[in-house]
Amino acid sequence: MSQTMATQDERQPPVVGDRHVDPHFYPEGIAFLDGQYLPMSQAKISVLDWGFLHSNATYDTVHVWNGRFFRLDLHLDRFFGGLEKLRMKIPFDRDGVTEILHNCVALSGHRAAYVEMLCTRGASPTFSRDPRQAVNRFMAFAVPFGSVANAEQLQRGLHVAISDKVRIPPASIDPAIKNYHWLDLVRGLYDAYDRGAETALILDFNGNVAEGPGFNVFCVKDGKLSTPSIGVLPGITRRTVFDLCAETGLAATATDVSIAALREAVEVFITSTAGGIMPVTVIDGAPVADGKVGPITSRLKALYWQKHDDPAWSSQVNYP
Ligand SMILES: *Cc1c(COP(=O)(O)O)cnc(C)c1O
């Protein structure tokens, strides 16, 4: 690898008790930024970057489990698709980005990692408001694997509230462009916390269930799976559930999922790269069926993790 990396000695401890405690001191990990590999604590960008000021950015997140990337090709497809739709350019092709992601993980030493690639609009050198004048900025990082649900929640199932907040409609932002327009999701989260739930689902513009903060949702009724079809990010974990269903002969469809349909389901689970397939056992304070994690959810979850060792679905990180 030709780029240089800052040494551990250059890391500054966080200033505690001051106005702004730098939260970037944790987690431990490695970032790639402006041609350099850096400890996470040093990966910083200008406050004038439009990624920060205007949420003018796209990204993707892939994970590494047991030292292997899971379905990296699909994540790269989605990331490069987002760049194209937003008319952003980065100085790396797929192989270049792949190499940077491998290097971030290898340098971090993590065997279970949450790996993000992102591109911000950057800023214009002359302060022009014209996005065509901006110099786009590519970054990537690898930090320890993180999950939407903690160990206890994974075991007993998450408690979810359905918020009346509406996900930004696809006519405004193509949801296939993975993005940081999260204020609808964050408002939904606060609704959920106010009602004693652990996370939220919000609605599409027709009042059906859409998705939650960084995850898609599935429900099971009469042995068939359904997941919302419109106004949601087409998740790779969601796609993986479809693939696993096809392999095991389960019926799964993307369709409208009403609030009533979700409440009447016998099993509900959410899906995200940050955690995989995660059971939901309480919705708006009421148990889903008998309130226990269901057999289809458990079976798909086990299969999902098995696939992480399968060379057809995963690739070994190039550790030194
Ligand atoms: C990333 C994300 C998901 C989950 O997608 P995965 O590819 O499965 O991780 C769902 N919804 C939103 C809004 C997301 O940003």
Side-chain angles (χ1 to χ4, degrees), residues 51 55 57-65 69-83 85-86 101 112-119 140-143 145-149 158 160 162-163 165-170 172-189 192 199-205 208-219 225 227-245 252 254 257 268-280 297 300-301 303-305 307-308 313-314:
S55 223
T58 188
Y59 75 110
D60 215 287
T61 299
V62 55
H63 67 220
V64 166
W65 193 250
F69 279 105
F70 189 60
R71 311 200 90 177
L72 178 56
D73 281 348
L74 297 179
H75 290 277
L76 289 169
D77 288 346
R78 191 169 63 185
F79 180 60
F80 278 93
L83 290 176
K85 287 175 185 160
L86 291 176
L101 298 180
Y114 178 93
V115 185
E116 190 156 322
M117 62 203 96
L118 61 128
C119 184
F141 61 81
V143 292
F145 181 81
S147 171
V148 172
L158 281 152
V160 169
I162 305 173
S163 159
K165 301 298 179 290
V166 173
R167 188 75 175 120
I168 192 166
S172 303
I173 305 288
D174 176 352
I177 305 170
K178 198 168 164 73
N179 65 72
Y180 296 122
H181 296 277
W182 270 45
L183 295 184
D184 43 9
L185 295 165
V186 170
R187 291 177 73 216
L189 257 185
T199 191
L201 286 165
I202 68 170
L203 307 178
D204 71 18
F205 53 93
N208 293 310
V209 175
E211 61 183 342
F215 55 81
N216 297 110
V217 62
F218 282 80
C219 59
L225 288 84
T227 189
S229 59
I230 53 165
V232 299
L233 175 99
I236 309 291
T237 322
R238 174 180 181 267
R239 149 91 189 259
T240 299
V241 168
F242 279 105
D243 293 342
L244 294 174
C245 284
V257 175
V268 175
F269 60 84
I270 61 169
T271 62
S272 170
T273 295
I277 295 173
M278 297 166 276
V280 171
T297 306
L300 287 172
K301 186 178 156 193
L303 271 176
Y304 173 80
W305 289 108
K307 290 289 185 186
H308 284 63
W313 296 53
S314 67

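All ligand and atom numbering here is 1-based and tracks the order in the structure. Just so you know, these numbers use all the heavy atoms, side chains as well, and skip hydrogens, waters and symmetry mates.
For ligand 1, the atoms closer than 4.0 angstrom to any heavy atom of G235 are 5 (O), 6 (P), 7 (O), 8 (O). Within the listing of ligand 1, atoms 13 (C) sit less than 4.0 angstrom from a heavy atom of R167. For ligand 1, the atoms sitting less than 4.0 Å from at least one non-hydrogen atom of E211 are 10 (C), 11 (N), 12 (C), 13 (C), numbered in the order shown with element in parentheses. Within ligand 1, counting atoms from 1 as listed, the ones closer than 4.0 Å to a heavy atom of T273 are 6 (P), 7 (O), 8 (O), 9 (O).
Not a single donor-acceptor pair under 3.5 Å links the side chain of T58 to the backbone N or O of N179. Between the side chain of N216 and the main chain of L233, a donor-acceptor pair closer than 3.5 Å is present. Distance alone, capped at 3.5 Å, places no donor-acceptor pair between the T61 side chain and the E116 backbone. Under a 3.5 Å cut-off, the side chain of R78 and the backbone N or O of P234 do form a donor-acceptor pair.
Among protein heavy atoms, atom 4 (C) of ligand 1 sits closest to G214 O, 3.5 Å. K178 NZ, 2.8 Å is the protein heavy atom nearest to atom 15 (O) of ligand 1. Atom 8 (O) of ligand 1 has as its closest protein heavy atom T237 OG1, 2.6 Å.
For the ligand labelled ligand 1, residue N216 lies inside the 4.0 Å heavy-atom shell. The shortest separation from a heavy atom of Y59 to ligand 1 is under 4.0 Å, placing the residue in contact. At a 4.0 Å cut-off, not a single heavy atom of R239 sits close enough to ligand 1 to count as contact.
Atom NE2 of H75 sits about 5.0 Å away from atom CD1 of I236, to the nearest 0.5 Å. Considering CZ of F141 and CE of M117, their distance stands at 10.5 Å, rounded to 0.5 Å.
Considering backbone and side-chain N/O atoms, R78 comes within less than 3.5 Å of an N/O atom of ligand 1. Polar contact check, I236 against ligand 1: a nitrogen or oxygen pair lies under 3.5 Å apart.
The aromatic rings of Y59 and Y180 lie parallel to each other, their planes meeting at an angle below 30°, with 60° marking the opposite boundary.
Between T240 and K307 the shortest side-chain heavy-atom distance does not fall below 4.5 Å.
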